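Keep in mind the model is a prediction, meaning the values are calculated, not measured. Computed over heavy atoms, backbone and side chain alike; hydrogens, waters and symmetry mates excluded. A, B, ... follow the sequence lines: proteins, then strands. Residue 1 opens every chain.
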There are 2 protein chains.
Amino acid sequence: MLHEEVVGRIRDILLDGEIPPGARIPERELCERLDISRTPLREALKVLAAEGLVQLLPHRGSRAAKLTDKDMRDLFEVCQGLEALAGELACERITDADIAEIAAAHAAMVQHYREGDLIQYYRGNRAIHEGIVNAAGNPVLSGLYASVTARIRRARYVTPMTSQRWAFAVSEHEAILNALQRRDGAGLSHILRAHLRHKREEVLQAGFAETDTNELTLKIA
Amino acid sequence: MLHEEVVGRIRDILLDGEIPPGARIPERELCERLDISRTPLREALKVLAAEGLVQLLPHRGSRAAKLTDKDMRDLFEVCQGLEALAGELACERITDADIAEIAAAHAAMVQHYREGDLIQYYRGNRAIHEGIVNAAGNPVLSGLYASVTARIRRARYVTPMTSQRWAFAVSEHEAILNALQRRDGAGLSHILRAHLRHKREEVLQAGFAETDTNELTLKIA
DNA sequence: TTTTGCATTTTTGAATGCAAAATTTGGAAT
DNA sequence: ATTCCAAATTTTGCATTCAAAAATGCAAAA
């Protein structure tokens with residue numbers, strides 16, 4: 001198994017919440033599961049720590065990073081900035097074909113909304129945002145965006161989605177597609193910022209504060 | 001020696017150009033120099049690869065990453081976006097004390113300019129930009145900024161600095177400080193973007209294209 | 001002289017072993 | 001019964017070792 005694959009596998013385990021935020025990462029167990037020795041596992045953990053997904057405590061092992069409200073706010077803030085930048089650049093550089101692709105993804109997402117399929121809706125949503133970012137044609141930007149959204153991702157799904165909010169989000173997406181089709185960089189940038197601001201408010205109001213497993217057991221006891 | 005320290009030491013070696021872009025990273029040599037074994041060294045190299053400073057070639061070891069013109073353009077583009085965001089946020093949040101600190105750094109930098117001390121000028125320049133970014137009060141943003149500027153840094157010093165350009169850069173910095181003191185977020189953001197755009201033009205016009213050592217030896221031969 | 005094929009050497013990537021540190025356990029004293 | 005302390009166990013971090021892959025050198029053939 002290649003180094004990057006090990007990193008990816010562990011990243012997925014963390015993002016799926018299989019190892020909950022704040023929980024210790026059991027080296028030996030993961031080694032057996034991935035069928036590798038501790039050396040490559042620890043290399044991967046160090047990389048994930050640099051990404052902010054893992055917290056290393058010297059001589060005390062590693063834990064799945066726990067995000068505070070402040071962390072989440074900061075991540076959204078940066079995410080807003082990155083998407084806003086991507087929106088402007090995308091409008092300058094995107095091809096008609098790529099616009100068509102994003103329009104198709106948008107239509108599919110709206111269909112999932114009509115069907116009330118939240119999971120598929122989120123998947124489509126993500127594809128659109130990623131499509132815009134990638135349309136900026138800047139791999140550095142795409143890379144940072146991927147890193148930031150990965151850390152945010154878990155929170156997105158814990159947010160309760162009311163029908164009113166959902167409808168509003170879809171309307172925002174209509175505006176996003178419209179600005180993109182008009183290649184209105186400033187407009188797109190503005191809408192994206194607002195869209196993310198709203199999402200952030202939802203997540204933070206939902207009382208996002210990752211309690212680590214120890215605290216949780218204490219509360220239960 | 002702590003893991004983070006190893007990463008830092010190697011990062012410095014790369015940023016100082018001691019191992020030139022494209023050159024192989026001699027594991028054994030570095031091990032002896034840092035007085036560590038290959039295990040922690042390789043952990044550090046993997047982290048630096050994730051940061052984009054090192055390129056890993058499976059079964060062929062690691063090389064100092066070589067930046068193309070496109071890479072440099074992309075990095076500057078993202079850097080612009082990050083600084084613009086930081087500028088807006090800083091104006092909302094910065095304290096009078098922090099403004100005073102940046103003003104002092106600015107004065108010192110101008111003094112270095114008058115004395116013609118380019119090295120000290122660059123150092124002061126960097127302190128100001130970092131000060132603004134940190135004043136945004138967003139560690140995620142500060143982290144990404146550090147990572148992006150690290151990769152750009154080497155190029156900055158290869159740019160020939162004419163007295164005209166230098167004077168203009170200083171005048172831009174006057175405007176930056178002014179906007180910050182007025183807490184004019186939009187204005188600061190705008191000036192920072194222009195400032196970086198100019199810097200980027202200089203760097204790219206200087207014909208930045210990192211030739212790796214092999215190509216170099218071929219040219220010499 | 002240049003090129004090709006093979007053996008040797010070097011280097012890489014990963015497993016193992018070992019010392020140091022931290023955690024847990026068990027028992028004694030209060 | 002509870003608290004505190006020391007011994008035992010586990011876990012961490014790193015050096016070493018080992019197998020596989022790549023690079024190098026050399027001789028033979030074109």
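- Under the 4.5 Å side-chain criterion, counting only non-hydrogen atoms from C-beta, I10(B) is in contact with L41(B).
- Taking every side-chain heavy atom of E27(B) into account, dG13(C) is the closest of dA15(C), dG13(C), dC14(D).
- Residues I176(A) and L192(A) are in side-chain contact: their nearest non-hydrogen atoms beyond the backbone lie under 4.5 Å apart.
- The closest side-chain heavy-atom distance from H112(A) to Y122(A) is not below 4.5 Å.
- The side chain of R28(B) has dT12(C) as its nearest neighbour among dA15(D), dA22(C), dT12(C).
- Checked against dA15(C), dA14(C), dA22(C), the side chain of E43(A) finds its nearest nucleotide in dA14(C).
- Remark: dA30(D) base-pairs with dT1(C); criterion is Watson-Crick or G-U wobble with both hydrogen-bond distances under 3.5 Å.
- Pair assignment for dT9(C) gives dA22(D), based on Watson-Crick or G-U wobble hydrogen-bonding distances that are each under 3.5 Å.
- The separation between L34(B) atom CG and dC14(D) atom C1' is 14 Å, rounded to whole Å.
- Listed candidates were dT17(D), dT23(C), dG13(D). Nearest to the side chain of R38(B) is dT17(D).
- Nucleic acid contact for L57(B): sugar-phosphate only, since backbone atoms but no base atoms lie under 4.0 Å from a heavy atom of the residue.
- Considering only side-chain atoms of T39(B), the nucleotide from dA21(C), dA21(D), dC14(D) that sits closest is dC14(D).
- Taking only side-chain atoms of R42(A), from C-beta outward, the nucleotide of dT16(D), dG13(D), dT16(C) with the closest atom is dG13(D).
- Between the CG atom of D35(A) and the C1' atom of dA15(C) there is a distance of 12 Å, rounded to whole Å.
- The distance between atom CG of L56(A) and atom P of dT11(D), rounded to the nearest whole Å, is 18 Å.
- Atoms CE and CG, on M1(A) and D35(A) in that order, are 7.5 Å from each other to the nearest 0.5 Å.
- Side-chain N/O atoms of R24(B) include one lying less than 4.0 angstrom from OP1 or OP2 on dT12(C).
- Taking 4.0 angstrom as the limit, R60(B) places a side-chain polar atom (N or O) nearer than this to OP1 or OP2 of dA23(D).
- Each of G61(B) and H59(A) has a nearest nucleotide on DNA chain C; the 5'-most of these lies closest to G61(B).
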